[in-house]
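The block underneath contains the structure these notes are about, expressed in structure tokens.
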Protein chains: 4
Amino acid sequence: MKNKEEKRELILQAALRNFAEEGFDRATMQNIAKSAGVGKGTTYEYFPSKEALFCEVLLKGISNMVDELTAVLQQPGTVHEKVERLFQKNLEIFRTKSDLRAIMLNNIGKIPADLHRQLMEKQRELLGTMERIFTEAIQADEMVDVPPRIAAAAVLNGLQVIYTYQLEKGETYESVIEHYLKLIFHGLDKR
Amino acid sequence: MKNKEEKRELILQAALRNFAEEGFDRATMQNIAKSAGVGKGTTYEYFPSKEALFCEVLLKGISNMVDELTAVLQQPGTVHEKVERLFQKNLEIFRTKSDLRAIMLNNIGKIPADLHRQLMEKQRELLGTMERIFTEAIQADEMVDVPPRIAAAAVLNGLQVIYTYQLEKGETYESVIEHYLKLIFHGLDKR
Amino acid sequence: MKNKEEKRELILQAALRNFAEEGFDRATMQNIAKSAGVGKGTTYEYFPSKEALFCEVLLKGISNMVDELTAVLQQPGTVHEKVERLFQKNLEIFRTKSDLRAIMLNNIGKIPADLHRQLMEKQRELLGTMERIFTEAIQADEMVDVPPRIAAAAVLNGLQVIYTYQLEKGETYESVIEHYLKLIFHGLDKR
Amino acid sequence: MKNKEEKRELILQAALRNFAEEGFDRATMQNIAKSAGVGKGTTYEYFPSKEALFCEVLLKGISNMVDELTAVLQQPGTVHEKVERLFQKNLEIFRTKSDLRAIMLNNIGKIPADLHRQLMEKQRELLGTMERIFTEAIQADEMVDVPPRIAAAAVLNGLQVIYTYQLEKGETYESVIEHYLKLIFHGLDKR
DNA sequence: TATGAATGAGATTTCATTCAT
DNA sequence: TATGAATGAAATCTCATTCAT
């Protein structure tokens, strides 16, 4: 017999898959339970409602993701190195956690205000970290003097390109990122 | 008495509002009809199904939006001017067409394959226009030599910042855009 | 412009076809009107309701059918000849008025009590005619002495065989009827 | 608490009654559920759709009926005895299973092609049994030499008389059957 | 008189949630 | 604790009928 924590985790993972594939409304507790290999009623022993389950899936997933991104930013190095590692980690997440991103993309409107606040808070954490790095870099004369918060937002927003960009023949995500980073650091204008 | 085209438009607008506020699944034909000031059955006189209505709302909205953005890119000017106008038009759309964006954000998963293809096509049009502008600018030695498609994707992706950025005290979207454009053209690195 | 009676007839015929193909519930006034080449509202100028239209279609059709069958019974001849003509006329009706029979088969339950009474009355007329013929034949010692009403019911019931019998290779309805008549007159027992 | 099989049976019986009284289209799952003493959703736990429920009701009922009729034909005896028992069993069914017949009469058009094939197959079984009996009887010189299949169809068709015949004062179904059988065996002609 | 746009009652079906076992 | 049978609210869609033109 599995212990409680393991079964809880099983349900969370099954929910992640189902919400990703079907979206919040179309995913059913029935299927989530079946995916998890438990009875329908059992899910309600661990989570009080479908919405609560959804929230936990999302909060946990996003938190992990943000934590991973934050971690690479906090490793020592230049701004260049940090941003580059950020994009590489982002690619890794894109490749390994498609479920989470699918949920994010399709269910933003289903997120209760309460959870939304928590999620924004998490995101702001990452933005804050990025901003701090830029502030220091500006002070250290390591980069151009732009409002660091806007720069941080711009770079973080750039992480999304990978989710919409259609690879051309011969391109790899790695090569795209390489060019993308060049743009971020050099800009469009010639020097 | 309104004529048929006007009533159709009325329903489309009511649907836009409802889909934006509730998402596809939660929005009900009942409410859309009430919003439009018509009976439930009447909506079915104009649109064969909820999905068909949804598709038309989306296709029409996105098409208009892309057309507007494309239009400003095609007015004469330097790359600088074009990209700047693009961001300003984007801000204008953001301020006037929040409903459409809300639908886009929350219902990607509900978009039928058929419509999805049409939408991607529209989006590719815009990307293509941007890419062509960059290609010419590179040939004219007006901008740095990066793969123009990637640059185009980067700039277009940048349009989304406005939808997530949280204004600080004293900031306006106009000032944010100003800094943002500076980043796009100059990059983070000092010269 | 057609006159009123012609348009009425047009609607009745369209209704006959539609009720036959779809059954009472599935047939729609919309389609009936379209089949008749008139507007939806127009049908209501001629018939107060869907049910009323259905009743008139049925009553008219059955009345015609019974009248045709009655007519052949009233032509002079022996019992043999009359019953034989009855079956032949029945075959003719089967071949030319499949719509009416389709309605009869599938919509008995939809027939309002009021119409049902009228229909039974019509049927009883035919039964009565047949019964009278048998009564006379018995008195004339032309046929065996059985309760003429039961004999009449048996023969009339026999008319239905044609609607369920599946022809074998080489058989024709004509040949089936020939054997069938032999049975009616001679019975199963050897003599 | 009833077990699953019993509840299933309860719903089937409620459906039988409702389909008989209202016809397929007018009968509602709501009412069927109420008749069965269960909730609306419960019916869908046992039958995937209204149509599936209808099919099962019909197939089960007809199968039972045909099996009962077949059984009496297979008991030993002369052709006379067999046909007589057939009519008596038919009367018994008529008296005890009016619901089923009502459905048959009023909903032929609602029967899905798939079920229709199964039903015809069942009916053909009975026709085949009857035909075989007649074939043997003819070979044994026990009855007149008519195509046995036609004779079988005629006799089986005769079973329906009971569903349309209106009893006169002083008549009973038993007496009607008695005369009817006489007709089948002796025919109308005098000897 | 002829029309068809407008309507809303009503049907089937889904599924989150409860609760007896 | 774990289960799944039972439930009914709610959503989409159909169509007879009305009525303004």
Side-chain angles (χ1 to χ4, degrees), chain A residues 1-4 7 24-34 37-54, chain B residues 1-4 7-8 11 24-34 36-53, chain C residues 1-4 7 24-34 37-54, chain D residues 1-4 7-8 11 24-34 36-53:
Chain A
M1 170 78 71
K2 296 172 190 71
N3 70 30
K4 286 199 62 161
K7 193 167 280 192
F24 177 79
D25 289 302
R26 297 227 219 283
T28 70
M29 293 299 268
Q30 180 87 260
N31 283 344
I32 290 171
K34 201 202 285 191
V38 302
K40 198 185 347 175
T42 307
T43 57
Y44 285 88
E45 297 293 325
Y46 293 85
F47 305 93
S49 72
K50 186 187 184 183
E51 191 176 272
L53 176 55
F54 177 70
Chain B
M1 173 71 70
K2 296 167 192 72
N3 70 30
K4 284 202 72 161
K7 190 161 283 190
R8 213 184 129 83
I11 294 170
F24 178 77
D25 288 304
R26 293 228 221 283
T28 71
M29 292 299 266
Q30 182 87 255
N31 282 343
I32 290 171
K34 202 199 281 189
V38 300
K40 185 178 17 151
T42 306
T43 56
Y44 286 90
E45 295 288 325
Y46 292 86
F47 304 93
S49 72
K50 186 186 184 185
E51 191 176 275
L53 175 56
Chain C
M1 171 79 70
K2 297 171 190 67
N3 71 29
K4 286 199 65 160
K7 194 167 279 192
F24 178 78
D25 289 303
R26 296 228 218 284
T28 69
M29 292 300 267
Q30 180 87 256
N31 283 344
I32 290 171
K34 202 202 283 190
V38 301
K40 199 184 347 172
T42 306
T43 56
Y44 285 88
E45 298 293 326
Y46 292 86
F47 304 93
S49 73
K50 187 187 184 184
E51 193 177 88
L53 176 55
F54 177 70
Chain D
M1 173 71 71
K2 296 166 190 70
N3 70 29
K4 284 201 70 161
K7 190 162 283 188
R8 214 185 128 82
I11 293 171
F24 178 78
D25 289 303
R26 292 227 222 285
T28 70
M29 293 299 266
Q30 182 87 257
N31 283 344
I32 290 171
K34 202 199 281 189
V38 301
K40 187 176 15 153
T42 306
T43 56
Y44 285 89
E45 295 288 324
Y46 293 85
F47 305 93
S49 72
K50 186 186 185 185
E51 190 176 276
L53 176 54

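Order of the sequence lines fixes the chain letters, A, B, ..., with proteins taken first and strands second; residue numbering starts at 1 for each chain. Fair warning: this is a prediction, and the values are worked out from it, not measured in the lab.
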When the distance from [atom1] of [X] to [atom2] of [N] is rounded to whole Å, what number comes out?
X	N	atom1	atom2	answer
C:E45	F:dT17	CD	P	14 Å
A:I32	E:dT17	CD1	P	11 Å
C:F54	F:dA16	CZ	C1'	16 Å
C:K34	F:dC15	NZ	P	13 Å
C:L53	F:dT17	CG	P	10 Å

Which heavy atom of B:A33 sits nearest to which heavy atom of B:G39, and what is that distance? CB-O, 3.6 Å
Determine the contact category for A:Y46: base if any of its heavy atoms lies under 4.0 Å from a base atom, sugar-phosphate if only primed atoms, P, OP1 or OP2 are that close, otherwise nothing. sugar-phosphate
Could you pull out every donor-acceptor pair under 3.5 Å between side chains of residues 43-50 of chain D and any protein atom, sequence neighbours left out?
unit_1, atom_1, unit_2, atom_2, d
D:T43, OG1, D:K40, O, 2.7
D:S49, OG, D:E51, N, 3.4
D:S49, OG, D:A52, N, 3.1
D:K50, NZ, D:F24, O, 2.8
D:K50, NZ, D:D25, O, 3.4
D:K50, NZ, D:A27, O, 2.8

Taking for each residue the nucleotide of DNA chain E with the nearest heavy atom, is it B:V38 or C:G39 whose nucleotide lies nearer the 5' end? C:G39
Any B:K7 side-chain N or O less than 4.0 Å from OP1/OP2 of E:dA6: yes
If you restrict it to nitrogen or oxygen atoms, what contacts under 3.5 Å exist between nucleotides 11-14 of chain E and the protein, and what is each distance?
unit_1, atom_1, unit_2, atom_2, d
E:dT12, OP1, D:A27, O, 3.3
E:dT12, OP1, D:K50, NZ, 2.7
E:dT12, OP2, D:M29, N, 3.2
E:dT13, OP2, D:Y44, OH, 2.9
E:dT13, OP2, D:K50, N, 3.0
E:dT13, O4, D:K40, NZ, 3.0

Rounded to the nearest 0.5 Å, how far apart are CZ of D:R8 and OG1 of D:T42? 14.0 Å
Toss me the dot-bracket line for DNA chain E: Watson-Crick and G-U wobble, both under 3.5 Å, 5' to 3', using | for pairs to another strand and [ ] for crossers. .||||||||||||||||||||
